[in-house]
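Take a look at the structure below.
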Amino acid sequence: MPGTTPQPTSATRTRSWWGWGWADAHPDDAECAAMGALIPGTLAHPLPVPRVRDLAVGRPAVEPPASLAHLVATGPEERAAHAMGKAYRDVARALRGRPGRIPDLVARPTDEREVADMLDWAGEREVAVVPYGGGSSVSGGVEYRGDAHRAVLSLDLTAMDRVLEVDAVGRAARIQAGTLGPSLEDQLRPHGLTLRHFPQSFEFSTLGGWLATRAGGHYATGRTHIDDFVQSLRVVTPAGTSASWRLPASGAGPSPDRLFLGSEGALGIITEAWVRLQARPTHKASASLAFTDFHAALAAVRAIAQSDLAPANCRLLDAGEAALSGASHDGSAVLVLGFESADAPVTARLGQAVELARSHGGRRGDVDGAETADTDAAVGAWRSAFLRMPYLRDGLARMGAVAETFETAATWDRIPGLIEAVRTEVGQAALKASGHPATVNCRLTHVYPDGAAPYFTVLAAGRPGDEVAFWDDLKAVASDVLHRHRATITHHHAVGRDHRPGYDRQRPDPFALALRAAKGALDPRGILNPGVLVD
């Protein structure tokens, strides 16, 4: 159309080095100020967008060998962009010019041989190797902390980004670990197949990152974790390459894949995987229901999870979360339901789920059951807010506010008490520390027949200049509540470095002993992502 301004594409857009996603998608100063005005105690004006040139980026402590130098970048921009992940505490540190230890080198190997060569060289030179995919970690998983190594290498896998082989008969594909979510789906689309694993970070995360962190994805029931899609893995370790057989199932002893799923690069570098695919869905239907009683809504969700309906989406938003996303404005909790299939209509299953919810007091939204994903206003509002929220979080951080999330999982008998304790104790801790009330919202992101995964959002005024310590204190309170209620320290955000204290308390001692032994055997020089999972 004449006069239309061309829209930026992923090929022309620039990733933010300090915050979430695309640099051009962040709220401007006026929007930041408007959001900050809604939280008492925030700054009068937004902090400036940080610049790499204002950081103290020293000379690299080591030089790569000549044989690998063509794979290595040493410029300040590349190094700063690989210094940390995208958690609130990372954003807050960047805004204050304190990103932590910046890697000396950023390497982008193009094949498995180059990965092995990098590990050999790093081991000889006592260089820590921190694996890096899309950099979307929210638990301190892609940064180096401490000073035990002479230098730090960020090993960026994104040059290994191809779908290498597709088995259309068995509906599986062999895919390199550095493949970002959109590229992975683009390469599968001509085959009529999909992995259909869509974490919130989908646009900015890789298959290898999902595997290394046991990421949760699109499905709220059933196949909720990337684990469920794995057939086999290839992993390069300092002790050699592990290549498991591609099998539909096996009872042959402990699973080698299970050793590396969730290992976060501490035991080896995942280079490729065979993953299970499915036909692309053509039948979709969604609806929302409102509840005046949150406990009744919990009972409705449990009933749906314990049925055989298997909704793709079954997200319960409490009143605060529903208001924040625009899904409700009358103080109601909102249940978002979605069904999909490649083979058969799903309106009947949606109708059954809706009736289950109604039997627990749910009020139907504004759709009539038509097979479309976008007829329900509450569903659309939730989806838009879901994708936009990380950018808004960064805007609030510029106002000195704490805007962060954490997630967990527990059995149904513990869920009501857990949610209430988190709301109360984290809220009280924020009020005591800052003098201002905090908002603590909750939603259920994944549900199982035996339990659920609550996901909490905390909004509070931070302590100016001390926002990171303030959040760390709140997170410690939250972690204590989770431990007391025997809820996991993380359901799908990984352990990283931020969750280590909670993970250490959660895992059995004999397992910790075995994990340390595995670390010593596979990484005898201790160069792989030091501080993650084990010391």
Side-chain angles (χ1 to χ4, degrees), residues 111-112 115-116 119 131 133 137 141 155 157 160 162-167 170-179 181 184 188 193-197 199 205-219 222-278 409 446 488 490-496 503 507-508 510-512 514-523 528-529 532-534:
D111 59 34
E112 207 170 80
V115 172
L119 295 188
S137 169
L155 191 67
L157 276 293
M160 299 172 64
R162 291 178 296 141
V163 173
L164 299 171
E165 189 176 351
V166 174
D167 173 8
R171 293 205 308 191
R174 182 166 66 96
I175 305 175
Q176 290 182 306
T179 310
L184 184 153
L188 293 176
L193 297 170
T194 175
L195 178 61
R196 205 138 183 84
H197 180 78
S205 56
T206 63
L207 174 62
W210 303 339
L211 297 166
T213 61
R214 298 184 66 194
H218 170 69
Y219 294 103
R223 296 166 293 185
T224 60
H225 278 85
I226 192 65
D227 311 32
D228 302 315
F229 299 93
V230 174
Q231 279 190 331
S232 67
L233 299 178
R234 286 186 65 88
V235 186
V236 176
T237 82
T241 297
S242 172
S244 61
W245 288 12
R246 180 191 167 205
L247 295 166
S250 174
S255 166
D257 295 334
R258 289 284 175 182
L259 177 63
F260 294 106
L261 285 169
S263 63
E264 302 188 41
L267 303 179
I269 310 297
I270 298 172
T271 56
E272 64 181 59
W274 273 98
V275 292
R276 299 179 178 93
L277 307 176
Q278 57 188 298
H446 300 77
T488 181
T490 178
H491 173 262
H492 59 265
H493 279 173
V495 174
Y503 179 62
R507 64 187 179 191
F511 176 77
L515 188 58
R516 284 192 290 270
K519 172 73 170 177
L522 296 173
D523 180 25
L528 290 177
N529 219 1
V532 167
L533 298 184
V534 294

Between Ile269 and Leu157, is there a side-chain heavy-atom distance shorter than 4.5 Å?
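Yes; the side chains approach each other to less than 4.5 Å.
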
Arg162 and Thr179: CA distance, side-chain angles, deciding distance, side chain to side chain contact (heavy atoms under 4.5 Å, CB included) verdict:
CA-CA 6 Å; Arg162 291 178 296 141; Thr179 310; 5.6 Å; no

For Leu119 and Leu528, what are the C-alpha separation, side-chain angles and deciding distance, and is it a side chain to side chain contact (heavy atoms under 4.5 Å, CB included)?
CA-CA 9 Å; Leu119 295 188; Leu528 290 177; 3.8 Å; yes

Measure the [atom1]-[atom2] distance between [X] and [Y] for me, rounded to the nearest 0.5 Å.
X	Y	atom1	atom2	value
Glu264	Ile270	CD	CD1	10.0 Å
Thr194	Arg171	OG1	CZ	11.0 Å
Ile175	Thr271	CD1	OG1	13.0 Å
Leu195	Ile226	CG	CD1	5.0 Å
Arg276	Arg246	CZ	CZ	9.5 Å
Arg196	Leu277	CZ	CG	13.0 Å

Can you see which heavy atom on [X] is nearest to which on [Y], and at what distance?
X	Y	answer
Thr224	Tyr219	CG2-O, 3.2 Å
Ala521	Ala239	O-CB, 3.7 Å
Pro131	Gly265	CG-CA, 3.8 Å
Leu259	Ser263	O-CB, 3.8 Å
Pro238	Asp523	CG-OD1, 3.8 Å
Gly222	Asp228	O-OD2, 4.0 Å

Ring of Phe511, cation from Arg507 - is the NZ or CZ under 6.0 Å from the centre and inside 45° of the axis?
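No; the conditions do not both hold, so Arg507 does not lie above the ring face of Phe511.
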
Name the orientation class of the two ring planes belonging to Trp210 and His197 (parallel below 30°, tilted from 30 to 60°, perpendicular beyond 60°).
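Trp210 and His197: tilted rings.
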
Thinking salt bridges, do Arg174 and Asp167 make one under a 4.0 Å N-O criterion?
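No.
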
Sole candidate of Asp227, Leu233, Val235, Leu211 that passes side-chain contact (heavy atoms from CB on, under 4.5 Å) when paired with Asp257:
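So, applying the side-chain contact (heavy atoms from CB on, under 4.5 Å) to Asp257 and each of Asp227, Leu233, Val235, Leu211, only Leu233 qualifies.
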
Intermediate values then yes/no, side chain to side chain contact (heavy atoms under 4.5 Å, CB included), His491 and His225:
CA-CA 9 Å; His491 173 262; His225 278 85; 3.4 Å; yes

With no hydrogens and no angle check, is any side-chain donor or acceptor of Gln231 less than 3.5 Å from a backbone partner on Ala172?
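Pair absent, no side-chain N/O of Gln231 close to backbone of Ala172.
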
Under 3.5 Å donor-acceptor, Asn529 side chain and Gly141 backbone:
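Yes; at least one donor-acceptor contact below 3.5 Å.
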
Please lay out, stage by stage, how Leu267 and Lys519 fare under the test side chain to side chain contact (heavy atoms under 4.5 Å, CB included).
CA-CA 6 Å; Leu267 303 179; Lys519 172 73 170 177; 4.1 Å; yes

